[in-house]
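Protein chains get the first letters and strands the later ones, always in sequence-line order, with residue 1 at the start of each.
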Amino acid sequence: MAATFPALIQPRLAAALQATGISGDLPDGFVPSVDPAQNPQFGDYQTNAAMVLAKQVKKNPRELAAEIVEKFDGEGLTETPEIAGPGFINFRIRKNVLEQRVEDLLEDTDRLGVEEVTDPETIVIDFSAPNVAKPMHVGHIRSTIIGDSLARIARFLGHNVISDNHIGDWGTQFGMILYGWKNVLDKEALEADPVPELLRVYKEVNKLCSEDPDLREVCKAQLVDLQAGDKENLKIWEECVELSKVGLQKIYDKLDVAFDHWLGESFYNDKLQPLVDNLVGKGIASESDGAICIFFPEHEKLADQPPAIIQKGDGGFLYATTDLATIEHRVQEFGATSIWYVVGAPQQLHFDQIFEAARLMGHNVDLQFVSFGSILGKDRKMFKTRDGDTVQLDDVLDESVARARKIVEEKNPEFPEQEKAEIARVIGIGAVKYAELSQFRMTDYIFDWDNMLALKGNTAPYLLNAYVRTRAIFRKMGSDFQGVDHIEITEAAESALAMKLAQYAEVVPSILTDFRPNTLATYIYELATTYHKFWEACPVLKAEGAVKESRLALCELTGRVLKHALGLLGIQTTEKM
RNA sequence: GCGCUCGUAGCUCAGCUGGAUAGAGCAACGGACUUCUAAUCCGUAGGUCCCGUGUUCGAAUCACGGCGAGCGUGCCA
């Protein structure tokens, strides 16, 4: 598979710079950038090299651009570059080169032009991580969907990816759960549907505790018993975790999200005391006000912040302790060279601290905090899990599917019942995922049903409809894609589509540089738009000869890229809608 | 107080390492279905990119200072 267009243009541009004789004045490692043109009137790609370099060589940018163009060899790749504006050099890919590229992409069914990385890493991705005994609410949606998408993308790029659901199965909430289990549990309700009953119990005890401080102490005692290994409490805990996992798995199945491991907090229990002892022994941690803390006096930012506490005055451990034990395990047992945490922005300080602590411990691993903004309530405040009354994730998914179902019913009343249900499922789940992934992850947003579940405009159905249209043509024709001898591009809508398809290989690797699945979402949206325009402008089945063959090939390739790209976002496709 | 993140059209948001006239969608208005799926396309209208200063040939983007919002800030996770 040939390289991407920018990768082909770059060395020629570098050679042209060399030939002008200015390369001696350039900073070491200078690589002229080649970017897609913003506007088709400027061509396909552009470089600002002349403007960047003009000052250093004391020349007028446009004159310098003219010199570069003079020396530029576009043979077998681009037309003669044009100079425009303050000194941009615009490149237009030759028609036959673009045609060849489409032919190549059609052959490359698995990778669609996207190259694997040359230095694969072992990446542990930590995402979703709900607490057990409490159902997932809308707040969990970001971590789950973004994390899953990043895992899919990294895997496709050739990394060894290990997804780990670090569930909260050992927290303080168990004090209340244990008390509730023994005192207010409705056994029948639990057998019928465990997750809502566990939530009810949790909420009820939480309410009782806030009314009665003494009860809070009783709950704490339950937790202490559990952690001391009390048999009855341990048994309840185990049952509770198992029931919760079943409930969680149902939602992951709906979302089509999977994990390689579910190593929750409890997994690290027996590793915590040795870890703390070790850190104290090494002088990394020290006692302060009765607690064992890690201070960061050498660190520019953290020095002025409170320390990370890894053991409480009463001997208990905290999540910083567990997270450090988790890093150790992932490095030593999984061979992680990189760990990504897909966790909300409020935990910035915590991760700054444990990353720095891991460094002090000598772990040579690339730690990335892939943070995201908060989902806010109507009052612009964060949802508070403890109040319990936030919107549940499962309800969001069901509502989304129901809304999609209503529209399927309007548009295609004649479809069989089962097909309508399946289409509604794909669209409904896809809509929720796309709403999340099409947004920059740091943006806070106010939860709004109509916003999250919109089905018009830049939403999943728009993209799915483009895919459906690619399939409709072959269905109408009565056969699958039969291959093509030679691609022939004549219309502007065709070359725009071909160019977009070629750019898939440029977009996918760039997503991970800043963990931005939304750049892929933007690409898919643009591809869908380009295809919809092509659809309006270029009849396929009514065309003849090479034109028809080429258009069929473009439809086929568009369908493949759309399906693949949506797949990287974790969004499924449907043949009809 | 200190730290992190954000501020772009009436609304919801893109705009990656500074680049040409700041883009989409929704809502509003006007067009296009005897045609491969109109869940589409075309057009109109809508902006002091929070404010100020600086760096630069060039700033929504970078730096500094304000203002506003959210979050975090020693024994919850």
Side-chain angles (χ1 to χ4, degrees), chain A residues 33 35 37-39 41-42 46 48 51-52 54-55 60-61 84-88 90 129 131 168 170-173 265 288-293 301-302 304-314 316-320 322-323 344-350 352 371-374 376 380-382 385-386 404 407-408 410-412 427 435 438-440 442-446 448 450-451 454-459 461-462 464-466 468-477 510-511 513-514 516 518-519 521-522 525-526 529 532-533 535-543 551 555 576-577:
Chain A
S33 67
D35 303 305
Q38 295 173 353
N39 189 325
Q41 79 185 58
F42 298 133
Q46 62 173 231
N48 58 8
M51 290 180 290
V52 174
K55 190 162 192 185
N60 174 302
F88 288 101
N90 294 326
N131 286 323
W170 198 250
T172 29
Q173 80 268 28
E265 294 168 339
S288 168
D289 287 344
I292 307 293
C293 305
K301 289 270 167 58
L302 295 178
D304 299 331
Q305 300 290 330
I309 301 175
I310 55 173
Q311 188 161 24
K312 295 191 279 186
D314 67 5
F317 303 106
L318 298 103
Y319 75 137
T322 314
D323 275 349
Q347 301 203 37
Q348 179 78 50
L349 175 61
H350 167 71
D352 284 348
S371 65
F372 51 83
S374 307
L376 310 174
R380 287 203 59 84
K381 302 274 188 190
M382 281 178 68
T385 334
R386 291 188 187 192
I407 296 178
V408 175
E410 284 168 21
K411 306 264 182 193
N412 307 94
I427 292 176
S438 59
Q439 199 156 216
F440 176 51
M442 288 311 296
T443 309
D444 289 346
Y445 64 88
I446 295 172
D448 179 83
D450 292 337
N451 231 337
L455 299 171
K456 290 199 284 184
N458 183 1
T459 62
Y462 179 86
L464 291 170
N465 186 39
V468 163
R469 281 178 148 187
T470 68
R471 303 314 305 154
I473 284 179
F474 291 102
R475 198 161 51 240
K476 179 84 174 184
M477 192 170 75
S510 74
I511 303 165
T513 56
D514 203 19
R516 289 182 184 232
N518 71 308
T519 56
T522 300
Y525 179 68
E526 288 170 358
T529 299
H532 281 310
K533 287 179 180 176
W535 174 280
E536 302 287 335
C538 302
V540 177
L541 296 178
K542 283 183 178 164
R551 287 179 182 174
C555 290
K576 293 184 191 175
M577 65 187 279

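- Side-chain N/O atoms of A/Y462 include none lying less than 4.0 angstrom from OP1 or OP2 on B/rC26.
- Residue A/D444 places no side-chain atom within donor-acceptor reach of the base of B/rG70, judged by atom type and a 3.5 Å distance cut-off alone.
- Applying the 4.0 Å criterion to OP1 and OP2 of B/rG72, one finds that A/Q348 has every side-chain N and O outside that range.
- Among the heavy atoms of the strands, none lies under 4.0 Å from A/A537.
- Checking the phosphate oxygens (OP1, OP2) of B/rA27, a side-chain nitrogen or oxygen of A/K456 falls inside 4.0 Å.
- Only the P atoms considered, B/rC51 is 11 Å distant from B/rA9, to the nearest whole Å.
- For B/rG74, its base sits under 3.5 Å from the side chain of A/S288 at one donor and acceptor pair at least.
- Comparing atom distances between the A/V52 side chain and each of B/rG19, B/rU21, B/rA39 picks out B/rG19 as nearest.
- Checking the phosphate oxygens (OP1, OP2) of B/rU12, no side-chain nitrogen or oxygen of A/N458 falls inside 4.0 Å.
- In this structure, A/Y462 and A/Y525 have tilted ring planes: the angle between them lies in the 30° to 60° band.
- Contacts of A/M477 with the nucleic acid, taken as non-hydrogen atoms under 4.0 Å apart, are absent.
- Searching all strands for a Watson-Crick or G-U wobble partner of B/rU40 with both distances below 3.5 Å returns B/rA32.
- With B/rG19, B/rA77, B/rC41 as the candidates, the nucleotide lying closest to the side chain of A/E536 is B/rC41.
- OP1 or OP2 of B/rA38 sits under 4.0 Å from a side-chain N or O of A/W535.
- Both geometric conditions, a ring-centre gap below 5.5 Å and a plane tilt below 30°, are fulfilled for A/F88 over the base of B/rA20.
- B/rA27 makes up no base pair with any nucleotide shown, lacking Watson-Crick or G-U wobble contacts both under 3.5 Å.
- OP1 or OP2 of B/rC13 lies within a sub-4.0 Å distance of a side-chain N or O belonging to A/Q439.
- At the phosphate of B/rC4, OP1 or OP2 sits under 4.0 Å from a side-chain N or O atom of A/K301.
- Here the side chain of A/R516 pairs no donor or acceptor atom with the backbone of A/F440 at under 3.5 angstrom.
- Remark: A/T443 is in phosphate contact with B/rA14, judged by side-chain N or O atoms under 4.0 Å from OP1 or OP2.
- Across all strands, A/F372 comes closer than 4.0 Å to no nucleic acid atom at all (heavy-atom distances).
- Contact annotation for A/M442: backbone-only contact, meaning every heavy-atom pair under 4.0 Å involves sugar-phosphate atoms and none involves a base.
- Without hydrogens or angle criteria, A/D35 side chain to A/Q46 main chain gives no donor-acceptor distance under 3.5 Å.
- Across all strands, A/A472 comes closer than 4.0 Å to base atoms (heavy-atom distances).
- Base pairing of B/rG70: its partner is B/rC4, meeting the Watson-Crick or G-U wobble criterion (both donor-acceptor distances under 3.5 Å).
- For the C1' atoms, the distance linking B/rG3 with B/rU48 amounts to 32 Å, nearest Å.
- At B/rC41, none of the side-chain N or O atoms of A/K533 fall inside 4.0 Å of OP1 or OP2 (strictly under the cut-off).
- In terms of phosphate contacts, A/K312 brings no side-chain nitrogen or oxygen within less than 4.0 Å of OP1 or OP2 of B/rG74.
- For a distance-only test at 3.5 Å, the side chain of A/N90 qualifies as a donor-acceptor partner of the base of B/rA20.
- The side chain of A/R469 places no N or O atom within less than 4.0 Å of a non-bridging phosphate oxygen (OP1 or OP2) of B/rA39.
- Counting non-hydrogen atoms under 4.0 angstrom, A/I427 reaches a base of the nucleic acid.
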